[in-house]
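Quantities reported herein were computed from a predicted structural model and do not represent experimental measurements. Along the sequence shown, residues are numbered consecutively beginning with 1. Excluded from the calculations below are hydrogen atoms, water molecules and symmetry mates; all remaining heavy atoms, backbone and side chain alike, are included.
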Amino acid sequence: MDIFEILLSASFWTAAIRIASPLIFATLGELICERAGVLNLGIEGIMVAGAFAGWMAVYSGTGLWMGVAVAMAVGMVFGLVHSLLTVPFGLSQHVVGLGVTLLATSLTYYAYRLALPEVTSPPKIEAFQPYEVPFLSDIPLIGPALFAQTPLTYLAFILAGVVGLVLYRTPLGLALRAVGENPSAVAAQGLSVTGIRMGAVIVGSGLMAVGGAFLTMSAFDSFFFEMVNGRGWICIALVVFGAWKPGKALLGAVLFAAFDALQIRVQQMPLGADIPYQVFLMMPYFLSILALIVMSRRAEVPAALMVPFNKGER
């Protein structure tokens, strides 16, 4: 099987959409934060915490959707911590974000060892199963890729549309975009810049945690610490790739996932036997960097991104 046959196979695109799903959740969360003017570098740790919280909730006996809700709530708590330190107190968003990542990862490790002190291999849960949409899943190539996925994948794509609709078609979205561009103008209208920014970071962090929960509750059926594996940092790059627009960010997530799915299959080809496997592991990141360089040259960064706002100052 050559590369063109791989690209035209339904199984390849099914895998690409599945790989893209957690990236979509987390990228949308980061996009909301940055649109409001806050860079959230806590994304990697929040995804780890969300992955563990959702999995542990289901392992403890709750339903799958309750596990998703628990993961989102945990992410929102870390978002509250991040927003309190960066928005009203104006601390460095870089330092706070990295601190949140370290805090979330460390607390997750502690909670895991506290809850399962004698376990050598992570126990399994009954994860979300693929649901085939009647008739649509029978469409050649597109059907299995888009309409034979787990419910969380469908939710990811729906949320991309919802976020785009809210950002560009509602007063709330206008206010959120405005605090990332010209917060003084928002304050002049009597709106709370602090409240909008904190709300954006809290909601965005919740979506990041759901992205982590996807890994334990939809992609896999257990939890291990290496499972996030830098996806949070990729999502930050995807926001830039998508020029801070949900639709383009979604396409970027699918593109990266396609590169990732492709490198796995290329390793199994005769060509892959003569090339170190590290080259294939590097390929999706290398290609994504190239795409990021091309797209970022035309991207317009929110004017007030990482700029603290103090009422009364210009």
Task: Donor-acceptor pair, side chain of R35 and main chain of W244, under 3.5 angstrom - done: yes
TODO: Quick one: closest heavy-atom pair of F78 and A49, and the distance?
DONE: CE1-CB, 3.8 Å
Task: Value rounded to 0.5 Å, distance of CG in L215 from CD1 in I19 - done: 11.0 Å
- [ ] Please indicate whether L174 has more than 12 foreign heavy atoms, meaning atoms of other residues, nucleotides or ligands, lying under 6.0 Å from its CG.
- [x] yes
Task: Atom pair CE/CH2 of M47 and W233 - distance to nearest 0.5 Å - done: 11.0 Å
Open item on the list: Working note: N182 + V186, criterion side-chain contact (heavy atoms from CB on, under 4.5 Å); need CA distance, chi angles, decisive distance, verdict.
Closed with: CA-CA 7 Å; N182 191 348; V186 176; over 6 Å; no
Task: Heavy-atom side-chain proximity of L41 to L39 below 4.5 angstrom - done: yes
Task: Test salt bridge (Lys or Arg N to Asp or Glu O under 4.0 Å) applied to D138 - qualifying residues, sequence neighbours left out - done: none
TODO: Taking all heavy atoms of M227 and all of F220, pick out the closest pair and write down the distance.
DONE: CE-CD1, 3.6 Å
Task: Shared hydrophobic cluster, L64 / Y131 (ILVMFWY, side-chain heavy atoms < 4.5 Å) - done: yes
Task: Residues, nucleotides or ligands: over 12 heavy atoms within 6.0 Å of Y59 OH - done: no
Open item on the list: Any side-chain to backbone donor/acceptor pair from S137 onto P134? Under 3.5 Å, distance only.
Closed with: no
Open item on the list: Could you check whether any side-chain heavy atom of P246 comes within less than 4.5 Å of a side-chain heavy atom of L28, counting everything from C-beta outward?
Closed with: yes
Open item on the list: Closer than 3.5 angstrom, by distance alone: can the side chain of Q129 be matched with the main-chain N or O of A127 as a donor-acceptor pair?
Closed with: yes
Task: Minimum side-chain heavy-atom gap M306-E34 below 4.5 Å - done: no
TODO: Give a yes or no answer on whether the side chain of R231 reaches the backbone of V228 with a donor-acceptor pair at less than 3.5 Å.
DONE: yes
Task: Closest approach of I6 to L262 (non-hydrogen atoms, all atoms of both residues) - done: CG2-CD1, 4.0 Å
TODO: Could you tell me which non-hydrogen atom of L155 sits nearest to which non-hydrogen atom of W65, and how far apart they are?
DONE: CD2-CZ3, 4.1 Å
Task: Rounded distance [0.5 Å steps], CE in M76 versus CG in L207 - done: 9.0 Å
- [ ] Report yes if the side chains of R18 and T150 come closer than 4.5 Å at any heavy-atom pair, otherwise no.
- [x] no
Task: Joint cluster assignment, V68 & V203, ILVMFWY side-chain distance < 4.5 Å - done: no
Task: S218 side chain vs P151 backbone, donor-acceptor pair below 3.5 Å - done: no
Task: Sole residue of L91, T101, V81, L103 in side chain to side chain contact (heavy atoms under 4.5 Å, CB included) with V96 - done: L91
- [ ] Heavy atoms only: give me the nearest P183-F309 pair and the separation to one decimal.
- [x] CB-CD1, 3.7 Å
Open item on the list: Can you confirm whether F128 sits close enough to D221 that some side-chain heavy atom of one is under 4.5 Å from a side-chain heavy atom of the other?
Closed with: no
TODO: Output yes when a side-chain donor or acceptor of S83 lies under 3.5 Å from a complementary backbone atom of L80, and no otherwise.
DONE: yes
Task: Separation of I24 CD1 from L251 CG (nearest 0.5 Å) - done: 9.5 Å
Task: From T27 atom OG1 to F256 atom CZ, the distance as rounded to the nearest 0.5 Å - done: 10.0 Å
Open item on the list: Is there a side-chain contact (heavy atoms from CB on, under 4.5 Å) between V70 and T62? Walk through the geometry before answering.
Closed with: CA-CA 10 Å; V70 169; T62 68; 5.6 Å; no
Task: Pairwise side-chain contact, W13 with P144, heavy-atom cut-off 4.5 Å (strictly under) - done: no
Task: Validation row: V74, F52 side chains within 4.5 angstrom (heavy atoms) - done: no
- [ ] Taking all non-hydrogen atoms of both residues into account, name the closest pair between V239 and L31 and its distance.
- [x] CG2-N, 3.8 Å
Task: Test applied, side chain to side chain contact (heavy atoms under 4.5 Å, CB included); reference residue, C33; option that passes from R197, H82, M208 - done: M208
Task: Residue that, paired with F225, satisfies ring pair (Phe, Tyr, Trp, His ring centres under 6.0 Å) out of W55, Y110, Y109 - done: Y109
Task: Donor + acceptor pair across side chains of S205, N40 (<3.5 Å) - done: yes
Task: Verify same cluster id: M56, F224 (apolar side-chain graph, 4.5 Å) - done: yes
TODO: Indicate yes or no for a side-chain donor-acceptor contact from E181 to the backbone of A303 under 3.5 Å, with no hydrogens or angles considered.
DONE: yes
Open item on the list: Is there a continuous path of hydrophobic side-chain contacts, each under 4.5 Å between heavy atoms, that joins V307 to L176?
Closed with: no
TODO: Could you tell me whether the side chain of Q149 reaches within less than 4.5 Å of the side chain of Y154, counting heavy atoms only?
DONE: yes
- [ ] Can you measure from CG (L159) to OG (S21) and round to the nearest 0.5 angstrom?
- [x] 11.5 Å
